[in-house]
Amino acid sequence: MSEQQALNKAMMEAVEFVHAEGWDAGPTLFGLVPTSLLIDQLDPDIADSPLTLVVQDLPETILPGSEELAEYVARLAWPREVEGVVLAQEISFVDSSAPAEQGPRPARLFSGVLRGEDTELTLLQLRPTDEELAERGLFAHDDIELRGGPGVAPNVVAALRYGLEHAVDESE
């Protein structure tokens, strides 16, 4: 499995984890650790994933999209065993393809990077409106629609990458 495929798989696991927690939540930060390092502690059913999500505790006072979150993430120095990082946060998103009167919509932004130059992914999940939920029916909350593309949230990606580049050696 390529590095990009491994990150894609880890990002989908992060999306599912955060989605299960529900909306109106604080930011969630995950370290991505090679599953082979944790194999003795894991359920054999997930041992086929190259990377395992490890939820990191964030101070409850840090708000999504805040300067404090950006500073906190950029100050982290991850151990070399951590192969990547994923940050999930709720934001207000202005959809350029929507009518101007619609205004910003609540959304989740998922940004992930792996060590190295090019392996990154950012996804956006728009929060469904009441009308959309009514149209979709009983299980509409279970639907996860994601958008993504290159160059989305470059400052978030840069902050995550900075922490990986300034890794600490746990043996010191």
Atom [atom1] in [X], atom [atom2] in [Y]: separation rounded to 0.5 Å?
X: E135; Y: D130; atom1: CD; atom2: CG; value: 11.5 Å
X: L32; Y: T52; atom1: CG; atom2: OG1; value: 9.0 Å
X: N8; Y: L121; atom1: CG; atom2: CG; value: 5.5 Å
X: L124; Y: L109; atom1: CG; atom2: CG; value: 6.5 Å
X: F30; Y: L87; atom1: CZ; atom2: CG; value: 9.0 Å
X: L69; Y: Q89; atom1: CG; atom2: CD; value: 5.0 Å

Are [X] and [Y] side-chain neighbours, meaning at least one heavy-atom pair lies under 4.5 Å?
X: L51; Y: E83; answer: yes
X: Y72; Y: P59; answer: yes
X: E90; Y: P106; answer: no
X: E120; Y: R161; answer: yes
X: S111; Y: L160; answer: yes

(Q) Using the rule that Ile, Leu, Val, Met, Phe, Trp and Tyr join whenever any side-chain heavy atoms are under 4.5 Å apart, tell me whether L53 and I144 fall into a single cluster. (A) yes
Q.
Pairing donors with acceptors under 3.5 angstrom, does anything connect the side chains of T119 and E3?
A.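 E3 and T119 do have a side-chain donor-acceptor pair below 3.5 Å.
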If I compare all heavy atoms of [X] with all of [Y], which pair ends up nearest, and what's the gap?
X: A74; Y: Y162; answer: O-CD2, 3.0 Å
X: F110; Y: M11; answer: O-CE, 3.4 Å
X: L7; Y: G112; answer: CD2-O, 3.7 Å
X: V33; Y: V82; answer: CG2-CG2, 4.4 Å
X: S66; Y: I62; answer: OG-CG2, 4.1 Å

Q: May I ask you to decide if G84's main-chain N or O and R115's side chain share a donor-acceptor pair within less than 3.5 Å?
A: no
All N/O donor-acceptor pairs, side-chain side in residues 12-28, below 3.5 Å, sequence neighbours left out:
unit_1: E13; atom_1: OE2; unit_2: S49; atom_2: OG; d: 3.2
unit_1: H19; atom_1: ND1; unit_2: R108; atom_2: NH1; d: 3.4
unit_1: H19; atom_1: ND1; unit_2: Q125; atom_2: NE2; d: 3.2
unit_1: H19; atom_1: NE2; unit_2: H141; atom_2: O; d: 2.7
unit_1: D24; atom_1: OD1; unit_2: R127; atom_2: NH1; d: 2.9
unit_1: D24; atom_1: OD2; unit_2: R127; atom_2: NH2; d: 3.3

Q: Dump the intermediate steps for side-chain contact (heavy atoms from CB on, under 4.5 Å) on R147 and L126, then the final yes or no.
A: CA-CA 8 Å; R147 298 179 182 186; L126 292 176; 3.4 Å; yes
Q. Does the side-chain contact (heavy atoms from CB on, under 4.5 Å) test come out yes or no for V156 and T122, once each step is laid out?
A. CA-CA 9 Å; V156 176; T122 298; over 6 Å; no
Q: Please list all pairs passing the salt bridge (Lys or Arg N to Asp or Glu O under 4.0 Å) test where one or both residues lie in residues 66-78, with sequence neighbours left out.
A: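 Counting only pairs at least two positions apart or across chains, no salt bridge (Lys or Arg N to Asp or Glu O under 4.0 Å) contact touches residues 66-78.
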Q: Only one of V55, V54, L76 passes side chain to side chain contact (heavy atoms under 4.5 Å, CB included) with L29; say which it is.
A: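 Answer to the side chain to side chain contact (heavy atoms under 4.5 Å, CB included) test with L29 among V55, V54, L76: L76.
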